[in-house]
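All residue numbers refer to positions in the sequence shown, counting from 1.
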Amino acid sequence: MSKILIRGAKVLGGEPQDVLIDGETIAEVGSGLSAEGAEVVEAAGRVLLPGLVDLHTHLREPGREDSETVLTGTRAAASGGYTAVFAMANTFPVADTAGVVEQVYRLGRDHGYCDVQPIGAVTVGLEGKKLAELGAMHESAAGVTVFSDDGKCVDDAVIMRRALEYVKAFGGVVAQHAQEPRLTEGAQMNEGVVSAELGLGGWPAVAEESVIARDVLLAEHVGSRVHICHLSTAGSVEIVRWAKSRGIQVTAEVTPHHLLLTDELVRTYNPVYKVNPPLRTERDVHALREALADGTIDIVATDHAPHPHEDKDCEWAAAAMGMVGLETALSVVQETMVATGLLDWAGVADRMSARPAQIGQATGHGRPVSAGEPANLTLVDTEYRGPVDPAGFASRSRNTPYQGRELPGRVTHTWLRGKATLVDGKLT
């Protein structure tokens, strides 16, 4: 079993310490450590975090391997400091059976760049009409605990109630894409001043907020767990805050792009800024940052949504919705939350590792950086600052909204159970 000595790292941004990895676990954390025959990583000035966990990733396989595969997606994850990702169910075929989720699970296990936990569909074919095989997916080799029709809303209240009742039996969670479909027909961007000026169909905040309000009440009625995907409005924040004050079992996520970008960017008509839910206003952005800081929003999740060139290099109305995010997420969080003083690095570890691991029940991930814990770690050069160059992405797709934008921070090393997946910024 190999030994790795990480020397002088600022664990969770604190005082410099040495961390000794022995095999798959952290053997010791302290000062002046040594180990005969150990590979030494000089980490002076860099921040050591637990490996990041993404509760919302689109890996596209099976069916859309032109956009991404489990291999390329997990390589992108390792490049971004992730040791575990949850793969959404909107594949072709849909991950609504034990067979499909097991296929995705085994692809992740075989490639080895990070752990892949499939998310099962709530309804058959994401059609919102009939519950999928929730129990069979949970009992399969993939052990599914999170279910979502992401990309589509479970808009039927009876179906949503039944799903919450079903997953309660084994401690699962339903992750809702909150979008009232009738209120968003033909929507192209956030409904507001900019959409009115541009003449583009608007996606109103109430289309998200009304579904969240309904679902937290359903979760309270059933006594089950609901998770809100990619929360994007100030009003949604207030609803979740109210629900938590009542003791309702609700958790919520925000994407990096909703922490940084606004609907003003749509004035460029560049389809790279087209995403669902859409980029919102400056007021919404600040509300989301404050909610992430105070814990109303539990986690950051990328909603990594890769698309091939032809699906984005077209007119706005015809373009696909979505952005890649695994390789830039930590930099955006450093820019919006750490540099602004809203979170310290321990807070980042909580929102991007510990809490997503807890919500998704990702065993062995999101653990403290201490002796006896699994060696799932990421090392970050927080002093780095430079432009984003998608040509260097490990992802198969390049639809990033940050091309050419200067962002801080660079992941230099990632370890999955003591095995390096990224060394000096290069995949192993």
Side-chain angles (χ1 to χ4, degrees), residues 10 12-13 45-54 56 76-77 79-82 230-232 234 237 253-266 268 270 272-273 275 277-305 323-353 355-356 378-390 392-393 395 398-412 414 422 425:
K10 295 190 286 187
L12 304 190
R46 298 180 185 180
V47 171
L48 187 67
L49 302 171
L52 307 183
V53 177
D54 188 19
H56 192 147
S79 296
Y82 288 88
H230 42 51
L231 184 150
S232 70
V237 166
E253 70 190 33
V254 64
T255 71
H257 47 271
H258 285 113
L259 290 172
L260 180 59
L261 309 178
T262 73
D263 60 354
E264 288 290 334
L265 290 164
V266 180
T268 66
N270 186 341
V272 76
Y273 299 120
V275 66
L279 301 178
R280 303 291 189 179
T281 67
E282 190 74 23
R283 173 178 172 268
D284 292 310
V285 166
H286 286 290
L288 296 173
R289 292 182 186 182
E290 293 289 346
L292 182 64
D294 70 23
T296 300
I297 295 176
D298 300 82
I299 67 170
V300 176
T302 70
D303 192 9
H304 175 79
M323 304 167 171
V324 291
L326 286 168
E327 294 170 79
T328 53
L330 190 56
S331 291
V332 175
V333 170
Q334 182 177 341
E335 177 92 331
T336 58
M337 302 300 296
V338 180
T340 57
L342 289 169
L343 282 181
D344 58 15
W345 285 106
V348 172
D350 178 68
R351 308 306 196 275
M352 298 187 74
S353 183
R355 288 204 205 188
T378 187
L379 186 65
V380 189
D381 178 1
T382 59
E383 299 302 314
Y384 172 86
R385 188 175 186 91
V388 175
D389 181 9
F393 282 0
S395 172
R398 302 287 181 266
N399 53 304
T400 174
Y402 310 116
Q403 182 170 0
R405 180 190 284 255
E406 284 205 351
L407 289 175
R410 181 173 66 97
V411 175
T412 63
T414 306
L422 188 79

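The salt bridge (Lys or Arg N to Asp or Glu O under 4.0 Å) test applied to R385 returns E335, E406, not counting sequence neighbours. For H56, the ring pair (Phe, Tyr, Trp, His ring centres under 6.0 Å) criterion is met by H58, H230, not counting sequence neighbours. The side-chain hydrogen bond (donor to acceptor under 3.5 Å, both in side chains) test applied to T262 returns no partner, not counting sequence neighbours. Residues satisfying the salt bridge (Lys or Arg N to Asp or Glu O under 4.0 Å) criterion with R351, sequence neighbours excluded, are absent altogether. In terms of the side-chain hydrogen bond (donor to acceptor under 3.5 Å, both in side chains) criterion, residue partners of T255 (sequence neighbours excluded) are, by chain and number, H257, H258. Residues passing the side chain to side chain contact (heavy atoms under 4.5 Å, CB included) test with E290, sequence neighbours excluded: L342. For D294, the side-chain hydrogen bond (donor to acceptor under 3.5 Å, both in side chains) partners at least two apart in sequence or on another chain are R241, T296. Shown here are the side chain to side chain contact (heavy atoms under 4.5 Å, CB included) partners of A287, two or more places apart in sequence or in another chain: A234. Remark: D298 engages K244, R355 in a salt bridge (Lys or Arg N to Asp or Glu O under 4.0 Å) (not counting sequence neighbours). Looking at residues two or more places apart in sequence or on another chain, you find a side chain to side chain contact (heavy atoms under 4.5 Å, CB included) between E383 and D381. Looking at residues two or more places apart in sequence or on another chain, you find a side chain to side chain contact (heavy atoms under 4.5 Å, CB included) between D344 and A346. For Q403, there are no side-chain hydrogen bond (donor to acceptor under 3.5 Å, both in side chains) partners two or more places apart in sequence or in a different chain.
Minimum heavy-atom separation, L231 to V254: O-CG2, 3.9 Å.
Here L330 contributes atom CG and T382 contributes atom OG1; the two are 9.5 Å apart, rounded to the nearest 0.5 Å.
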